[in-house]
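In this text, all values refer to a predicted model and were calculated from it rather than measured experimentally. In what follows, chains are A, B, ... by sequence order, proteins preceding strands, each numbered from 1.
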Amino acid sequence: MQCAWLLRVWLEPLGDLSVRAMQAGNPSKFALGSRGTRTGTPEFLALLQPQIQLQETAETLLNGQEMQFWLDKVVAWGQAERPDTQKDTSLHLSRLSSYLQQLLTHINDMSSTTETMKRQPLLGQLLGRLCWNPCVTADDTSRGLLLQCLWGLYSENPSNAVERKANQWIRKVLCQLATEEDDAAAQALMKHMGVPPKEYHLKVLRKAVASLQENIGKSCSSLNISQRCSCDSILATSEACVPLVTCPEAAPLIGALLQRPVACVRATLSEDFLDALSSAYSSQGLSLEEQAVVSLWYHRLSTLEEAVLSLLESVLTNKGSVLKQAEENERVKSLIQTFTSCFLRELALLQPQKCVSLKAFFPQSPQSLLVPLLTLPSELPQEAWRHHLNWLSSSLQRLTEEGEEGDEDSSCSTRGHNRMFEAWFLLVQCAHWVRVTLQLLGTSGPEDCGPLLWLLTFYHHPTNRGHQRALQMVHAKEAWGHLHSLFSVSARPLSLDHLQSLVTLLSPQPKQPSLSPLLILSLLVNFAVFSQQSLSGSTHILQTVVDRSGLVDEAACVLSSLELKLNEGSCLSSDANRVHLRIEALQNTLTHMHAAMEPC
Amino acid sequence: MRGSKRGTHCCWTTENQDKRQRQWLSTAQRLNCERRERHMEAVLKNLASTAELLAAAAQTGVVEHWDKQTLSRAFHWARYCEHLFSRFHNNSPVRRAMEKQLQLTNQSLQAALPGYSGVSFSDLSRCQHQLLVGLLNNPNLPTSVMKILFDSSPVDTKHSKYQDVTGLCSHIIQCRSVCKVLSPLTDSSAVGADAEVQGVMLMERLGAVMSQDSEACRAEHFLDSVLQGCEGEAKHFCLVIAAALLTMENAAAETASQDFLLDWLQKKHSVLEHMCSALPTALLMDLAKEHVKFRVAYCDILKNWASDMEYSINDGEWVQASTNPTVSFQKLTEHFLALFETCPSLRDDVEKELNALKISDGDFDVRGLSVWGDLLSALNK
């Protein structure tokens with residue numbers, strides 16, 4: 001997939017960025033979001049390449065040392081006291097799963113159980129002991145692999161006593177695992193009261209989770225490091241939860257652990273716990289609530305990276321649906337734009353040998369627009385911006401006209417429609433030019449604003465259902481006109497008509513097509529920042545409009561976003577200082593407004 | 001009913017009216033009755049079939065031909081029987097009819113299958129488990145069916161006619177394992193999660209029995225049978241009782257049940273004694289704090305223990321004469337002190353009592369002569 005290669009090239013120079021997101025053994029496939037086995041520690045990662053390993057090498061790995069190591073481990077786990085056993089098991093769980101995967105491959109490669117047992121005489125003992133380790137059977141992955149290994153040893157047509165015995169043993173173990181009860185007293189009582197075992201165990205599980213959750217919720221206010229507090233149990237609880245990350249009933253407990261405010265030094269989460277969560281996250285085995293997932297992102301950056309990458313991948317592969325969702329969804333557009341600008345930055349840093357033509361990365365975008373759009377505003381002199389944008393605007397207009405023609409010929413119109421969409425998508429990816437458009441609109445005169453307004457309207461409303469764009473353009477011009485009058489230096493006193501009209505335009509319109517309020521808000525903010533109107537005047541206008549239309553938060557958002565882009569873009573206008581001071585002052589005003597609106 | 005008071009000539013006289021009304025009612029009743037009877041017949045038939053199904057699943061080769069559909073259907077019927085149990089176990093006439101049916105079915109199955117043990121009505125409460133045990137112990141069960149039950153892959157909620165049995169065993173194993181993994185963490189609290197759940201269930205059942213029957217004897221009989229069932233597991237039973245007395249889940253209904261339980265406990269001296277000697281002090285304190293009746297009983301037991309003690313010159317200490325269960329003088333003192341700390345109001349009364357007893361013993365201040373005197377001085381150290 002071109003997208004996969006694109007993303008991978010981007011990832012390579014950034015070595016620290018989530019190599020774990022990519023399956024170690026699959027360099028040819030960017031397997032994001034696919035169900036995979038656990039990633040193990042480095043030495044075992046190297047071993048997880050079955051297609052490269054030869055049969056003999058695999059066998060030598062499974063003989064002797066490793067089997068003995070695990071058997072010794074499992075025997076020790078069966079003997080020791082429970083909390084220590086569990087901790088050690090949790091620590092080794094992912095490695096154990098990798099080993100079980102190897103064993104399973106080995107078992108499946110053998111022609112019969114007899115052969116398997118001949119080559120691995122200790123195998124039965126190992127598997128048998130593992131069945132009775134609750135950490136191993138609690139975890140989805142290891143339990144699944146263990147059961148598959150057992151089935152692998154089952155012979156449908158046993159040919160000798162060994163195989164018959166093995167069959168019997170397997171059936172017995174499975175039966176015991178599913179039906180035998182070790183707490184006889186409890187079972188007797190429950191039977192007396194007519195409660196089935198499954199219901200009982202589920203209830204106990206839920207009760208345990210609830211009481212642990214309650215304990216975790218208790219906040220710790222100890223400032224003294226030497227003082228004991230309840231937070232000591234957090235680490236132990238998180239360690240115990242390593243095998244439970246994919247258990248849906250344990251989700252509330254895991255969520256509570258993740259969301260616990262990190263106030264106390266002692267309230268740390270086990271690294272193995274976070275590792276297990278990341279692993280489960282990669283294979284989509286987690287069943288946590290949204291808030292818990294967000295907390296996981298905070299604890300483990302790699303999971304956030306994965307989330308972003310999978311979102312981007314879905315965006316880039318389902319462009320059609322993106323169009324429908326991105327209209328009015330500024331966050332998605334921002335994400336696309338940020339990704340693209342980071343990508344271009346990294347591309348520029350690559351060695352010349354590896355440099356590939358841009359066309360390879362944007363194969364579907366209209367080629368005539370590619371370089372003009374990808375060029376950063378900082379690469380052109382400021383005086384050239386307007387001319388550049390005018391050219392962009394007219395090119396895009398031509399493209400959209402072509403796209404919207406040809407209603408009779410369906411194939412032609414689809415192609416044209418696609419070209420138009422690709423052009424819009426490219427514009428979204430290169431939204432630095434949209435920012436410049438807004439800036440220039442803040443300082444243009446009425447004769448210059450036409451093409452710029454068109455570009456802005458197109459950015460916010462790419463589809464032209466029922467030729468609505470003409471009407472939207474009218475509204476856009478109206479809004480711009482009001483803003484121009486309000487912010488013109490000579491306008492004193494403040495024209496209430498213009499203000500009110502603007503507020504009306506910003507309010508939700510009952511009939512379609514309405515102009516995006518975000519478009520108008522962006523214009524307003526840019527006018528406030530870049531126009532020649534005094535700071536106090538601009539502040540007053542902004543404040544009044546935002547107050548009456550109830551869009552304080554949205555305006556603050558636009559303002560911060562503008563500041564971010566100006567900071568990173570390094571393509572400020574010559575009076576950089578002035579701009580920053582104005583933005584700061586406007587932000588303060590909005591913050592105060594927001595605070596005033598909060599209930600006491 | 002239409003009524004008219006126009007006169008005797010009208011056919012709708014009050015007499016006729018009543019007669020017709022009675023006729024109509026009796027017909028309606030009769031129809032209703034018939035409908036219920038037919039329904040009952042169907043239910044009994046289903047019950048019999050499921051009992052036969054359980055027997056077949058456990059002991060015959062019929063299962064060799066089972067597939068996922070058959071499996072799901074079998075568990076569906078087992079669930080149906082569990083539902084019958086929960087619906088009718090308090091409804092004597094229906095329950096009797098079902099028991100009778102099961103008896104008949106058991107007889108015919110025992111004739112056909114050697115070693116068949118039969119299904120009782122109370123077994124129905126865990127019918128699915130019964131079915132599962134039977135299946136997994138049946139060597140004729142094909143591995144394909146077993147693999148469905150032990151499937152560990154994530155549950156796919158397909159819209160099948162019957163509830164999905166895929167991964168049923170895998171889920172059971174997971175559930176039990178997770179409980180085991182979490183239990184060392186929860187044991188730090190007074191009662192474990194398992195005892196708590198058992199306590200809650202006990203209270204629920206007690207409450208149900210009490211609400212269904214205003215006579216106290218049924219509820220008492222229920223508790224007696226539970227105690228009997230826990231024969232040999234005295235400590236476990238004590239823990240469950242303690243948990244039951246401390247549950248706060250459904251305050252209103254619970255108070256009556258807990259009160260009843262406390263009254264019942266007063267009559268079971270050995271249980272109370274065992275509780276006081278075997279349960280951790282913290283738990284006893286929680287109980288004393290919550291329930292006055294328990295506090296009083298607890299006090300009485302401590303006094304009984306004290307009165308049972310003799311001074312051993314060899315040991316230089318008071319020891320209990322009886323052997324079961326033994327409590328040291330030291331432990332007795334600790335019990336009293338803990339009790340006073342939890343319920344300070346008790347201290348004065350108890351000390352007064354002990355003093356009176358000391359006086360009756362001769363009011364000596366020399367050690368070793370009166371357990372009450374020594375106790376008092378130990379408490380006031």
Side-chain angles (χ1 to χ4, degrees), chain A residues 82-83 86 133-141 143-145 147-148 151 154 156 168 171 174-175 177-179 181 183-186 188-198 200-212 215 233 236-237 240-241 243-244 246-247 249-250 253 285, chain B residues 82 85-86 89 122-129 132-133 136-137 139 141 143 146-147 149-154 168-186 188-189 192-198 200-202 204-205 225-226 229-230 232-233 235-237 240:
Chain A
R82 253 202 287 162
Q86 275 180 200
N133 185 316
C135 286
V136 174
T137 46
D139 174 64
D140 274 350
T141 311
R143 181 178 72 252
L145 286 168
L147 289 173
Q148 281 182 67
W151 285 123
Y154 192 92
E156 286 298 330
Q168 267 180 347
R171 276 189 185 251
L174 290 174
C175 180
L177 274 175
T179 59
E181 299 287 339
D183 192 348
L189 189 60
M190 286 297 110
K191 188 166 178 184
H192 198 90
M193 297 200 282
V195 179
K198 191 166 162 214
Y200 169 66
H201 287 297
L202 206 55
K203 281 201 155 84
V204 172
L205 175 52
R206 290 200 179 124
K207 180 123 263 175
V209 166
S211 84
L212 282 171
N215 280 346
S233 62
T237 311
C241 285
L244 313 183
T246 50
C247 174
E249 280 90 10
L253 176 59
Chain B
E82 286 186 7
F85 176 86
S86 65
H89 76 271
S122 51
D123 286 337
L124 291 181
S125 65
R126 23 176 61 201
C127 206
Q128 288 185 84
H129 177 74
L132 186 63
V133 171
L136 291 180
N137 279 301
L141 188 69
T143 51
M146 276 186 88
K147 283 181 184 172
L149 288 169
F150 284 90
D151 191 344
S152 280
S153 48
L168 177 69
C169 293
S170 178
H171 189 234
I172 291 173
I173 297 172
Q174 180 183 46
C175 196
R176 288 168 54 186
S177 307
V178 175
C179 283
K180 287 199 192 118
V181 168
L182 290 180
S183 78
L185 295 170
T186 56
S188 57
S189 72
D194 47 350
E196 245 189 275
V197 168
Q198 290 168 60
V200 167
M201 308 234 84
L202 181 64
E204 274 177 20
R205 286 286 264 118
S225 66
V226 171
C230 291
E233 302 280 349
K235 178 149 190 224
H236 173 252
F237 183 70
V240 173

Handout entry: Contact class of B:L124 relative to chain A, heavy atoms under 4.5 angstrom
Key = neither
Problem - Beyond-backbone contact of A:L174 with B:L149, side-chain heavy atoms, under 4.5 angstrom - result: no
Completion exercise
Under 4.5 Å to a heavy atom of chain B? For A:K203 that would be both
Problem - Check: A:E181/A:H201 side-chain N/O donor and acceptor closer than 3.5 Å - result: yes
Problem - Presence of salt bridge, B:R126 and B:D123, under 4.0 angstrom - result: no
Practice task
Mind ranking A:A250, A:A185, A:G144, A:C241 by heavy-atom pairs under 4.5 Å with chain B and telling me who comes out on top?
Solution key: A:A185
Practice task
Pick one of side chain, backbone, both or neither for B:S86, based on which atoms fall under 4.5 Å of a heavy atom in chain A.
Solution key: neither
Practice task
Sort out for me which of A:C135, A:G194, A:A184 touches chain B most, counting heavy-atom pairs under 4.5 Å.
Solution key: A:G194
Fill in the blank from the handout: Which of A:D139, A:T246, A:T137, A:D140 passes side-chain hydrogen bond (donor to acceptor under 3.5 Å, both in side chains) with B:Q174? Answer is A:D140
Practice task
Name the region of B:L168, side chain, backbone, both or neither, that has any atom closer than 4.5 Å to a heavy atom of chain A.
Solution key: side chain
Handout entry: Region of B:T143 in contact with chain A, defined by heavy-atom distances below 4.5 Å
Key = both
Exercise for the section: Check whether B:H89 gets within reach of chain A through its side chain, its backbone, both or neither, counting any heavy atom under 4.5 Å. Expected result: neither
Handout entry: Aromatic ring pairing A:Y154/A:W151, orientation class (parallel under 30°, perpendicular over 60°, tilted between)
Key = perpendicular
Fill in the blank from the handout: Among B:S122, B:S170, B:C230, B:C169, the residue with the most heavy-atom pairs under 4.5 Å to chain A is B:S170
Problem - Contact summary for B:I172 and A:A178, nearest pair of heavy atoms - result: CG2-O, 3.6 Å
Handout entry: A:L189, part contacting chain B, at a heavy-atom distance under 4.5 Å
Key = side chain
Handout entry: Short side-chain donor-acceptor distance under 3.5 Å, B:S225 and A:H192
Key = yes
